[in-house]
Amino acid sequence: MIPAQFEYTAPTTVDEAVSALAQGGEEAKVLAGGQSLMPLLRLRLAYPELLVDLNRVAELRGVRDEGDSLVIGAMTTHHTVVRDPLVNQHCALIALATATVADPAVRHRGTFGGSLAHADPAGDLPAVTVALDAEMIATGPNGQRTIPAGEFFADYLTSTLQPGEILVGVRVPKLAGWGFHYEKFNRVAQAWAVVGVAAAVRRANGNIAEARVGLTNMGATPVRARAVESAVQGTQAAPAALHEAASQAAEGTHPPSDLHGQADYRRHLAQVLTGRALAAAARV
Amino acid sequence: MPRISVKVDGVTYDDDVEPRLLLVHYLRDWLGKVGTPIGCDTTNCGACTVLMDGSSVKSCSVLAVQADGSEVTTIEGLAADGQMHPMQKSFHEEHALQCGYCTPGMILAATDLLRDNPNPSDDEIRDGLEGNLCRCTGYQNIVRAVRRAAAEMTESAAATDPKEARV
């Protein structure tokens, strides 16, 4: 289908983008990579009056080193993130998960910030940012603020960005000496994860010193599997112990039932995939 | 209406377009480049894949206005001097098409894959083409064709000045 009519502006700075968004009011929408928004426009599930296209805002692209953390520009494409040396060295979980997002053509256009602001709990990157305790950097008419990833995802397709605010970047702490894995179960490349598990593990003396686990598509927002994180702390870094701890992965979750799986199936998947993700992250 | 200037298959076009005009509709309806088919409407199937500044994109998910200043290659611009591109030739030789609907997108996605990885394994070929669906399920021969093109392109690149090697 052909999208409904809209006005279009392509600012070249964040300041211009914030002004354009303010002028457009409630009927304005930010266009990032467009790999979710364009299909919604085509299907006329969304009909904004103004699109503020961020693709020409150069300052929103790229990854920079800030000492203890990296800042990934919101408009950095998935293709770039997967190959970025800083991301691979300091936050490899992001590169691993991003490599599983859709397919190469979508990764050429789709952006890191766009997938997060879209706040789809079935998207791969929200759970990763939650697992890594990343911080979202938002700029709006009242200046800049940071939002912890755990407070960024409010509901299905809903973030806590205020009207007029733009996600400009994500600050991710460097995790030296950790192992990572993103385990995803889906039917085909373009399908959303039925369930996904983002795991980060720090080993010490053959045991798990610390672990963080984020779950994709196990509720209206990405969630941390806190029960697993507690259970796994101090256990032996061995498959049996990790799978045992992973049996608590579905605790406190409210997974959806849809065409791809019922809630109880997702609870089962979360346990199995969490066990695999922990084992892979711990290299056992 | 915004004015755009886009180079498509080597020719520059200047046009005033509605913001909502999709790149695939611009290519087909305005420029007559009907070699780029529309498949699914939802960024799934990859039939409408073109190269935008050298990278594969699904042209149903890009606005024409976003292509302003870009260089776009469709299947119609891949042959040079009346000679099929090695990827086109390999698809022909290996019978890598049945109905042919996915073929333009497959060929462009495959050339993009080889740009990144000139000598892919079968698994890497399948991964690289995961965004392109063949409803005839003729994947075996598609993978063979990409493998063959990779071998031929590597060979011809080695035989010529690297600066002149194609794609």
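Bear in mind the structure is a predicted one, so any value in this text is a computation, not a measurement. Chain identifiers are assigned alphabetically (A, B, ...) following the order of the sequence lines, protein sequences preceding nucleic acid strands; residue numbering begins at 1 within each chain.
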Handout entry: pair A:Asp103-B:Asn132: side-chain heavy atoms closer than 4.5 Å
Key = no

Problem - Close side-chain approach of A:Arg42 and B:Thr43, heavy atoms under 4.5 Å - result: no

Handout entry: Heavy-atom proximity to chain B below 4.5 Å, by part of A:Ala191
Key = neither

If you look only at distance, which donor and acceptor atoms sit under 3.5 Å apart when one is on a side chain in residues 16-32 of chain A and the other is two or more places apart or in another chain?
residue	atom	partner	partner atom	Å
A:Glu16	OE1	A:Thr12	N	2.9
A:Glu16	OE1	A:Thr12	OG1	3.4
A:Ser19	OG	A:Asp15	O	3.0

Completion exercise
By residue number, those in residues 52-62 of chain A with heavy atoms under 4.5 Å from heavy atoms of chain B are A:Asp53, A:Asn55, A:Arg56

Handout entry: chain B contact via A:Ala10 - which portion, at a heavy-atom distance below 4.5 Å
Key = neither

Problem - Spatial distance of atom CE (A:Met38) from atom OG (B:Ser59) [nearest 0.5 Å] - result: 10.5 Å

Handout entry: Validation row: A:Leu51, B:Arg20 side chains within 4.5 angstrom (heavy atoms)
Key = no

Handout entry: Per-residue contact mode, B:Leu108 against chain A (heavy atom under 4.5 angstrom)
Key = neither

Completion exercise
dist A:Ile2:CD1 -> B:Leu21:CG (nearest 0.5 Å) comes out at 8.0 Å

Exercise for the section: State, yes or no, whether a side-chain contact exists between A:Arg109 and B:Val62 at a heavy-atom distance under 4.5 Å. Expected result: yes

Exercise for the section: Decide if atom CD of A:Glu7 counts as having more than 12 heavy atoms of other residues, nucleotides or ligands within a radius under 6.0 Å. Expected result: no

Handout entry: Close side-chain approach of B:Leu22 to A:Pro3, heavy-atom, < 4.5 Å
Key = yes

Exercise for the section: Examine whether an atom of B:Asp68 lies under 4.5 Å from a heavy atom of chain A, and if so say whether it belongs to the side chain, the backbone or both; otherwise answer neither. Expected result: both

Practice task
Counting only heavy atoms closer than 4.5 Å, note whether A:Leu41 contacts chain B via side chain, backbone, both or neither.
Solution key: neither

Exercise for the section: Please look at B:Cys40 and chain A and tell me whether the side chain, the backbone, both or neither of the residue comes under 4.5 angstrom of a heavy atom of that chain. Expected result: neither

Exercise for the section: Taking atom OH of A:Tyr47 as the centre, report whether more than 12 heavy atoms of other residues, nucleotides or ligands fall under 6.0 Å from it. Expected result: no

Completion exercise
Shortest non-hydrogen pair, A:Pro104 vs B:Gly128, comes out as CG-O, 3.4 Å

Exercise for the section: Please examine the side chains of B:Gln66 and A:Tyr8, heavy atoms only from C-beta on, and report whether any two atoms are closer than 4.5 Å. Expected result: yes

Handout entry: Residues A:His79 and B:Ser55: side-chain donor-acceptor under 3.5 angstrom
Key = no

Practice task
Please indicate whether A:Arg187 has more than 12 foreign heavy atoms, meaning atoms of other residues, nucleotides or ligands, lying under 6.0 Å from its CZ.
Solution key: no

Exercise for the section: With a 4.5 angstrom heavy-atom cut-off, could you sort out which part of B:Glu130 is near chain A: side chain, backbone, both or neither? Expected result: both

Fill in the blank from the handout: With chain A, the option among B:Ala109, B:Cys45, B:Ser56 that has the most non-hydrogen atom pairs under 4.5 Å is B:Ser56

